[in-house]
Amino acid sequence: AYLTHLSLTDKNKSDLERCLDRMGDFNFDVWQLVSLTNNSPLLVTGMELFKRWELDERLNIKDELIARFFSSLEQGYKKNPYHNSVHGADVMYTVNSFIHASKTMKEELDAPDLFAALIAAAAHDYKHDGVNNAFHVNTSSDLALRYNDISVLESMHSAELFIMCKDEGKDIFSVLDSGQKKEARKIITTAILGTDMTKHFNHIADFESRLAAEKAIAANPEAAAQSGTEQRLEKGIMIEMALHCADISNPVKDISVYKKWVIVVMTEFYEQGDKERELGMPISPMFDRDNSSVTKTQCGFIEFIIKPIYRVWGDFIPELKENFEKNLAVGKAFGWDEYYAGVIDGSIVEAEREHHLYSSRKLSIEEGEEGEEEGGGEEGKDP
Ligand code: 8BR
Ligand code: ZN
Ligand code: ZN
């Protein structure tokens, strides 16, 4: 019924409904939502997931408020190649699929926690401007000055979410009582600030030790009750980790979906590299379109970032562990440079046309040889 907000034809509506049926699956293809929703993937994902968890009834939220809130979030996402509302919708449905699969999270999280987790995911890159924290800091941008160089973008995403909610008719937190509001705000700010990649290895170590503590307690409740000093796996920690894992989940998805993300993430990195070149700044190797390898970047990202965290995350969600491992095994062997250059298949250009959220910069077939000069060795990966 909420699809009435979208002005779709009946045919489109039934296609969309069929697509949305699969949204609970970890390997759902969020890209389909772009065309099926008239470019409103985040609005539709938000409405769908609030319905699925019956948050409208459990927290007494009117459809109009849910729609206005997610629509406003969606409009705040800029049309960057990668950090756009498709990424917001992707991260939101992925967090949902973690919670949905995990017996532990389903038992632990009540309605206000689910509400907070989904909103944190939907808003986690709100108003992202397509360049990273290092660029902000190195250019002394207004945002870097405002946030003292500390988690500049993440601070902005979270702050702007709560500022947006002050607008007439968009305060989705108004459905919570003051205690719930305080708790939801704590969960959301912590989880969004936790998406800063500089915290990545802390997340792994911290979550691993908390997970071990929980297992020890489950195995021997009395001994654990005596010591009492162990850090437990609290709800906020689970949500923070779920959001960070979802944020970097591209390589863990089906290869067909992952491929589309690689095109847009590399496009955005290279556009930042172009800006750095124009400004006479040093260009980080990953961002230099004339001097980098998509294969090395993605393989390094998988080996040093993704595998370590998904090993721990798979221990926490054994329901999805096999899925993570299967997808990672396929993704790593892929020839990303040739694919990015359009040599393997022409889907880049096709995808660019299909999703006009993509950058206007055209990718040319001639760029195919980049990154081959170092003999394809494994050294020098720099995620
Ligand atoms: P954000 O989406 O919050 O920016 O965090 C993801 C970060 O992971 C990116 O900024 C980037 O540094 C890195 N990354 C790389 Br490398 N490849 C990626 C990919 N395929 N998908 C997502 N992130 C990637
Ligand atoms: Zn981010
Ligand atoms: Zn993100």
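Each ligand, and each atom within it, is numbered from 1 in the order the structure gives. In what follows, every heavy atom counts, from backbone to side chain, and hydrogens, waters and symmetry copies are set aside.
For the Zn ion (ligand 2), the count of nearby protein N/O/S atoms, taking only those under 2.8 Å, is 1.
Distances shorter than 4.0 angstrom occur between a heavy atom of H83 and an atom of ligand 1.
For atom 8 (O) of ligand 1, the nearest non-hydrogen atom from the set F301, Y258, F304 comes from F301. Ranked by closest heavy atom to atom 12 (O) of ligand 1, the top entry among F287, W261, F269, W336 is F269.
Geometrically, ligand 1 and T297 share no nitrogen or oxygen pair separated by less than 3.5 Å. On a distance-only criterion, H128 and ligand 1 share no N/O pair closer than 3.5 Å. At least one N or O atom of Q298, backbone or side chain, sits closer than 3.5 Å to an N or O atom of ligand 1. Residue N250 has at least one N or O atom closer than 3.5 Å to an N or O atom of ligand 1.
The proximity of D125 to ligand 1, defined as any non-hydrogen pair under 4.0 Å, is limited to the side chain.
Take E183 and apply the side-chain contact (heavy atoms from CB on, under 4.5 Å) test, not counting sequence neighbours, and it matches D113, K235.
When hydrophobic clusters are built by joining Ile, Leu, Val, Met, Phe, Trp and Tyr residues whose side-chain heavy atoms come closer than 4.5 Å, directly or via intermediates, M156 is not grouped with I150.
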Would you give me the side-chain donor-acceptor pairs under 3.5 Å for residues 129-140, sequence neighbours excluded?
residue, atom, partner, partner atom, Å
D129, OD1, H136, NE2, 3.1
D129, OD2, H136, NE2, 3.1
N132, OD1, A134, N, 3.3
N132, OD1, F135, N, 3.0
N132, OD1, Q272, NE2, 3.1
N133, OD1, L153, N, 2.9
N133, ND2, E154, OE1, 2.9
H136, ND1, S141, OG, 2.7
N138, ND2, A134, O, 3.1
T139, OG1, F135, O, 2.7
T139, OG1, H136, O, 3.3

Acceptor/donor pairs from residues 184-192 side chains to any protein atom, 3.5 angstrom cut, sequence neighbours excluded:
residue, atom, partner, partner atom, Å
T189, OG1, R185, O, 2.9
T189, OG1, K186, O, 3.2
T190, OG1, K186, O, 2.7

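Aromatic ring centroids of H157 and H124 lie 6.0 Å or more apart.
Between K103 and E319, no side-chain nitrogen of the basic residue sits less than 4.0 Å from a carboxylate oxygen of the acidic one, so the salt-bridge criterion is not met. Between R210 and D206 there is a salt bridge, with a side-chain nitrogen of the basic residue lying less than 4.0 Å from a carboxylate oxygen of the acidic one. In summary, R68 and D167 do not engage in a salt bridge, as defined by a charged side-chain N under 4.0 Å from a carboxylate O.
Relative orientation of the F50 and F115 rings is tilted, given thresholds of 30° and 60° on the angle between their planes.
Near H87, with a cut-off below 4.0 Å to any heavy atom, the atoms of ligand 1 are 2 (O).
Annotation: cation-pi pair K253/F26 present, NZ/CZ under 6.0 Å from the ring centroid and within 45° of its normal.
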